[in-house]
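Encoded as structure tokens, the structure appears first; notes follow it.
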Amino acid sequence: MQNQTTPNASIKCSVSNCAHHCEQSQHCCLSTIQVGTHEKNPTMCQCTDCESFKMR
Ligand code: SF4
């Protein structure tokens, strides 16, 4: 289990609904994340997803 109070300064994130979000500093608390896409041919940032998201 990750320490929820240790922000990863290399991963900024504003998704406060995620269980891995460090609310105090607006960073992710994971050491690495997986980014993917739900599109066949992604053309803009809205096509990409954080696949490490976990509902709080
Ligand atoms: S797992 Fe993804 S969505 Fe969740 S806090 Fe980390 S970067 Fe943000």
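These numbers come from the heavy atoms of this one structure, side chains and all, not from hydrogens, waters or symmetry mates. First listed ligand is number 1; within each ligand, the first listed atom is number 1.
- Annotation: atom 2 (Fe) of ligand 1 to nearest protein heavy atom, Cys50 SG, 2.2 Å.
- Against a heavy-atom cut-off of under 4.0 Å, His21 is close to the following atoms of ligand 1: 5 (S).
- Residues Ser52 and Leu30 form a side-chain contact, since some pair of their non-hydrogen atoms from C-beta on lies under 4.5 Å apart.
- Atom 6 (Fe) of ligand 1 has Cys28 SG, 2.3 Å as its closest protein atom, hydrogens excluded (heavy atom only).
- With a 4.0 Å cut-off on non-hydrogen atoms, Ser52 touches ligand 1 through its backbone as well as its side chain.
- Looking at Thr6 and Cys29, their side chains never come closer than 4.5 Å, going by heavy atoms from C-beta outward.
- Shortest contact from atom 8 (Fe) of ligand 1 to any protein heavy atom: Cys13 SG, 2.3 Å.
- Closest to atom 4 (Fe) of ligand 1 among all protein heavy atoms lies Cys18 SG, 2.3 Å.
- Inter-residue side-chain proximity for Ile11 and Ile33 is flagged as met; some heavy-atom pair is nearer than 4.5 Å.
- Inter-residue side-chain proximity for His21 and Lys54 is flagged as unmet; no heavy-atom pair is nearer than 4.5 Å.
- Arg56 is not listed as a side-chain neighbour of Asn17, based on a closest heavy-atom distance of 4.5 Å or more.
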